[in-house]
Amino acid sequence: MHLFLKAAMKRRLNMYAKLRNYLTAFAAIAATLMAPEAMAKDKVVFQIDGNVVPFYAPLYAGVENGFFEEQDIEVEFLYAGASDILTNIAAGNVDFGFPNGDAVVAAAASGLPVKVVHTTYQRGIGALLAKSESGIETYADLKGKTVAVTSLGSPNYLQLQVGLIQAGLTIDDVKVEVVSSGAIVQTLQSDDVDAIVFSELRKYVLEAGGFKVNMILSNDFLPSFGNVVVTSAETLADNPDLVKRFTAAVTKSYQWVIDGNVDAALQISMDKYTPTWADQMPILSTAFTNTFVASVWQSPLTAERGLGAANLEAWQKNADILAEYDVIDTAPNAADFVVDPSDIK
């Protein structure tokens, strides 16, 4: 009888153990079914100015390092010209964009409902580049010359117009060629054009190829901003939490590179995104360290308020200059289209 009771008790304990395991499993399944939103990531389309190039390595590294995933965001990268990006943002075709600041000002002036939510590049990196042997040292020297830009809607075209006007010339005094961003440097190397208005970073590429280069920084006569994160007014109003999380991931991505990880970020870019640039790692490392880290991503303002901080006064000055030289009809109010990341609630 005693053995019978022991056996019965053992069977009962086994039954309870199995029941407990079933209940635990059921609870886990129920939790998953009851709270799908807590586990789902926000899938966003991020459209970047130009092509897939290693200059966007911080963003690629941010994805690969999980900085966006930490914010429950899954990113898909697309690429287009600045004006197309802003049109897509306004139309709701993409969630976030990374165009040049001058193009954003022009879009805001035309009434597009776009918002800068992270002033990633604290200054512009546009520049006029010409071979030293050309004798082109000022914008006045461009008269009768052929100049390449990436599109007539690009910020570089805006910079060319202002530079010419300040030199007493107009766009009619030069021949403008439209060349894709992937080929524009080669057109200068092969003497198909006399000068290009593009990025100062390409000076490092040209010099590495053995060319002596004259450079005029657009920021010297048109204080502006390089790539900035934009979204639509509707997205900012309806989903500020997503915008705040997205800009937080962007900040962490760039801060990681600034904190001594230039080469690591470039390696991530080469391994997965831009393998054809691998032989230019030394040039790019120098460009990142001497230009991006030194004075583009960081400024006295970011030291005080964090990466991506918005200087509304500088944005307004940029808009006013573009209007002064009739590049845009009327200068928009910077406070209407530029938001500091810290102000997103």
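Scope of the values below: all heavy atoms of this structure, side chains included, with no hydrogens, waters or symmetry mates.
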Report yes or no: does [X] contribute a side-chain atom to a donor-acceptor pair with the main-chain N or O of [Y] at less than 3.5 Å?
X      : Y      : result
Thr251 : Thr247 : yes
Ser190 : Gln186 : yes
Thr150 : Ser180 : no
Gln316 : Pro332 : yes

(message) Quick one, Glu207 with Lys212, criterion salt bridge (charged side-chain N to carboxylate O under 4.0 Å, His left out). Give me CA distance, side-chain angles, the key distance, then yes/no.
(response) CA-CA 6 Å; Glu207 289 177 339; Lys212 292 184 178 180; over 6 Å; no
Do the side chains of [X] and [Y] get close enough for a salt bridge, i.e. N-O under 4.0 angstrom?
X      : Y      : result
Lys43  : Asp95  : no
Arg123 : Glu200 : yes
Glu313 : Lys317 : no
Lys115 : Asp336 : no
Glu69  : Lys41  : yes

(request) Go through Asp191 and Lys131 one step at a time and tell me if the side-chain contact (heavy atoms from CB on, under 4.5 Å) criterion holds. (result) CA-CA 9 Å; Asp191 295 320; Lys131 292 181 180 178; 2.8 Å; yes
(message) Centre-to-centre under 6.0 Å for Tyr56 and Phe77, is that the case here?
(response) no
(message) For the aromatic rings, using the six-membered ring if either is Trp, is the centroid distance between Tyr121 and Phe225 under 6.0 Å?
(response) no
(request) Verify whether one side chain among Tyr254 and Gln298 offers a donor that lies under 3.5 Å from an acceptor in the other. (result) no
(request) For the residue pair Val114 and Leu86, establish whether any side-chain heavy-atom pair is separated by less than 4.5 Å. (result) yes
(message) For a 4.5 angstrom cut-off between non-hydrogen side-chain atoms, does Ile184 reach Thr187?
(response) yes
(request) Could you check whether the rings of Phe221 and Tyr139 sit parallel, tilted or perpendicular, using 30° and 60° as the cut-offs? (result) perpendicular
(request) Please list, chain by chain and in numerical order, all residues satisfying ring pair (Phe, Tyr, Trp, His ring centres under 6.0 Å) with Phe96, sequence neighbours excluded. (result) Phe246
